[in-house]
Amino acid sequence: MENILEVKDLKVSFHTYAGEVQAVRGVSFDLKKGEVLAIVGESGCGKSVTSQTIMRLIPSPPSIIKEGSILFDKKIDLVQLTLKEMESIRGSEIGMIFQDPMTSLNPTMTIGKQITEGLVRHQGLSKEKAQKEAIELLSLVGIPRPETRIKQYPHEFSGGMRQRVMIAISLACRPKLLIADEPTTALDVTIQAQIIDLLKDLQEKIGSSIIIITHNLGVVADIAQRVVVMYAGKIVEQGTVDDIFYRAQHPYTWGLLHSILRLDDDEKSELVPIEGMPPDLLAPPQGCAFAARCPHAMNICLNEDPQTQIIQDEHSMACWLMDKRMRTEIR
Amino acid sequence: MPEVRDNLFIPVTKQADQQEKITRPSITYWQDARRRLKKNKFAMAGFYFLLGITLFAILGPFLQKNGYDVQHLTARNEMPNSTFWFGTDEFGRDLWVRLWWGTRISLFIGIMAALMDLLIGVLYGGISAYYGGKIDDMMQRFIEVVYSIPYLLITVLLIVMMGSGIWTIVFAYGITGWISMARLVRGQVLSLKEQEYVLAATSLGASPWRIITKHLIPNALSFIIIQITFTIPQAIFTEAFLSFLGLGVKVPLASLGMLLSDGVGSMRVYPWRLLFPALIFSLMMVSFNLLGDGLRDALDPKFRK
Amino acid sequence: MYRFILRRFCYMLITFWMIVTVTFVLMHNLPGDPFANSEKLSTQQRALLAKEYGLDQPISVQYKDYLINIAKGDLGVSFAYPTRRVTEIIKQSFPASAELGIESIIFSVLIGLILGITAALKHNKSWDYGAMFIAIVGVSIPSFVLGPILQYLVGVKWGILPAALWDGPANRVLPALTLSFMTIAITARMMRTSMLDVLHSDYIKTARSKGLSQFSIILKHTLRNAILPIVTVLGPITVNVITGTLVVEQIFAIPGLGKYFVQAVYSNDYTLIMGLTIFYSLLLIVVMFLTDIAYGFIDPRIRLAKGRN
């Protein structure tokens, strides 16, 4: 399968009055056409910054992309584009859904207008045609009576309905890539499932590739084919859903898995929180960023940052526990 | 590859508290705000100017032997010179002394206004929002009424009633000036009231007084501080305005407003009589505003990044 | 929506009634009586005058009469100008004040909006600092200092514009400018804050994620939403203009209401003070009522929410 997106060694920093915060510290991953990739991790691990950097939505200053490339559709490096060029890609080639549907829609503009804006901008549709298209989109995302709803304002919609509208907006021009930044975090649990089902359904219909950012592993298992686990601005492990859920190798991934409830577990398992706090990215620790919280930390972890190594096919991770010397010495 | 040494792969033994160790000491909200404020050159300039003006207001009159009301009939309308540093007015009174006395009075009025804000405005707003319902409704109606009479008009009415003077101006502020503070605190408390920790405190049986003073007001504190840096100049301004209308402090006492309106009257012939009070007055206003803006940027979460 | 307007209207009436009452109580607790100043009057003459003005009646009767008169639109007879009714004075001198006020409001809102928008779009750049500095200077120099300086420089020394009086369009410029200084600052600051709020909001991010150009985002999404709250500054601006006219009319010798008010204070003309206070308050209440309604109409959130309950 062809790659729609190739992120290579991406480094993003923020300049604050306290110093340089290294939010993303060398992230590389690929996304295949038609694939759903999940990026998981705690708050502040850099997953949102990564996704918004792909969209080039993070204002500069204070942020800068220090290094790396984001190759889109095999030919365009998004990092090198001017803002003007990026504008023609946003919304048409890449769509985005945000976390909080309550604040992500313009309160003083009708839903219809907010959906058609992108269509008029990118596809040059006339108002009437765009209007028709918007009605179609609304029914596609499962909003009843789209003809009347289109003339209404955001506050007349519930949270779940607003997120559906957001999805309609982001998919209006049938983008090749959809980035969903915690699309269910702000919603009720019952609505969460509906939105995920809708995304799955639409993904099949439209065939967009999806990057879904979340800290909800349930969502990951439900929708994604591959998972990227991020910690302190780096990828610590990535692989297929099965790799991550059944053959996880990184202590942080173990920690994440232990901190959720599992129904399929026969053994009496208890929830184990990951102790401690993520490190301060103003001054990242010298060794492995997770070492301070890692129950298996070794001397080397405190001094040397582990390299990413491939375990099998698509499964890779960065941890000294997998070092060959480790195997020979301890086991 | 790092040099391989055997002990590299030995698990580290950790103390229990080590996991909680964070590389940078966490700083509190107020420490952070202070750091932000210090970074703001304009706000700090405002702060130091105010400090300087206050110092002069306290010490300035002592640097000259004249009282603010002593008339030197042989030295009327003098230019600034070595005896009278800022010159004299038409009664031969030392303008240096009068200027710093005036600053004292203006600052005093400003500080009294700030106290009123704290005593009346904060409590009024806090109580109104905390109890809500009927009480809030009634208290808001009252505020609306007072708000509909321009503040200056009420002050003028009171001056007509009680005669002019510092205390009338302060009293007038006590009746009406704290309204914006009360509104602000009410808004803040209303939104804070919904927060879980306040609900928790309520359900644990904390008394209303305790919740208002221990939970709500400390959390609204940053907004209160910002408001006060705007209250003080506003009160000083009002006094100046009243002085111009001849309703300010009583002669021979001087306030900045009075010196200004005296100065305006004689500016074509004796420009220095306007220059110095105008300079100090405007500097004071600009400083308060810069400091207020800086505080807002530093304290208001909305403006923080 | 209609119920919302109706409710606001009732509030307005109640507020107005309370103001009338408060003013009445204040004025009737004054030390001495309005004729105390005229030493020439004998006790009998005073009694006669008191009778004429109804001051010998019990206070409840006076209050009742006063309310009835106000309902009829009568604010009584001036003490200082016994031949003139307060309403007459208002009718005669308010137009000049109103014109001055409206001119200065238009002027200050226009300049204030431009300054505020510039400052927000160039946030933390020199344009921002420059615009905000102008705004701060505006609130730092009292109009009674600025007015005479302008009057002297522009009017007398350079002779570009008339220095005083109220004869032609050129006479309007200096007073309106003086009066605008404060309100420009108020509008500019409010607009800046409002713009910054909107610029940092999530829906602007959404708009950017749609690929709209910077220009159309500012025009269609930012400005519209940022200007809405600006309607609410009309209240404070009106207060400023009202109090400003007291001084500005004095400086530029404009035959307006503010001048009368100041004179009334000097001469203890109680009916005139009372009448003008009530009039000014009514003006302010009406402006705030209209602002509320206008805001309700422009903002769909309020328009629809208020329409339902």
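Protein chains get the first letters and strands the later ones, always in sequence-line order, with residue 1 at the start of each. Nothing here was measured: the structure is a model prediction, and the numbers come from that model.
- Just one of A/Ile58, A/Thr103, A/Leu57 meets the side chain to side chain contact (heavy atoms under 4.5 Å, CB included) condition when paired with C/Lys205; it is A/Leu57.
- Residue A/Ile94 touches chain C through its backbone alone, counting heavy-atom pairs closer than 4.5 Å.
- The closest donor-acceptor contact from the side chain of C/Thr206 to the backbone of A/Ser104 lies under 3.5 Å.
- Proximity of a side-chain donor or acceptor of A/His122 to a complementary backbone N or O of C/Leu212 within less than 3.5 Å is not detected.
- The part of C/Arg224 that comes within reach of chain A is its side chain, from C-beta onward, which places non-hydrogen atoms under 4.5 angstrom from that chain.
- Remark: the backbone N or O of A/Gln114 is paired with a side-chain donor or acceptor of C/Lys210 at under 3.5 angstrom.
- Here A/Met166 contributes atom CE and C/Asp202 contributes atom CG; the two are 9.0 Å apart, rounded to the nearest 0.5 Å.
- Using modelled atom types, one side-chain atom of A/Arg121 and one backbone atom of C/Gly211 make a donor-acceptor pair closer than 3.5 Å.
- With a 4.5 angstrom heavy-atom cutoff, C/Ser209 touches chain A via backbone and side-chain atoms both.
- How far OH of C/Tyr203 is from CG of A/Asp100: 13.5 Å, rounded to the nearest 0.5 Å.
- Proximity to chain C (any heavy atom under 4.5 Å) is restricted, for A/Met55, to the side chain, taken from C-beta onward.
- C/Ile204 contributes atom CD1, which lies 6.5 Å from atom CG of A/Asn106 (distance to the nearest 0.5 angstrom).
- Taking both residues in full, the closest heavy atoms of A/Lys113 and C/Lys220 are given as NZ-CD, 4.5 Å, listed atom of the first, atom of the second, then distance.
- No more than 12 heavy atoms of other residues, nucleotides or ligands shown are found within 6.0 angstrom of CZ on C/Phe133.
- For OH of C/Tyr129, the number of neighbouring non-hydrogen atoms (other residues, nucleotides, ligands) closer than 6.0 Å is greater than 12.
- Remark: C/Phe181 CZ is loosely packed, at most 12 non-hydrogen atoms of other residues, nucleotides or ligands lying under 6.0 Å away.
- Of the atoms belonging to A/Met102, not a single heavy atom falls under 4.5 Å from chain C.
- Looking only at atom types and distance, the side chain of C/His221 has a donor-acceptor partner in the side chain of A/Glu117 under 3.5 Å away.
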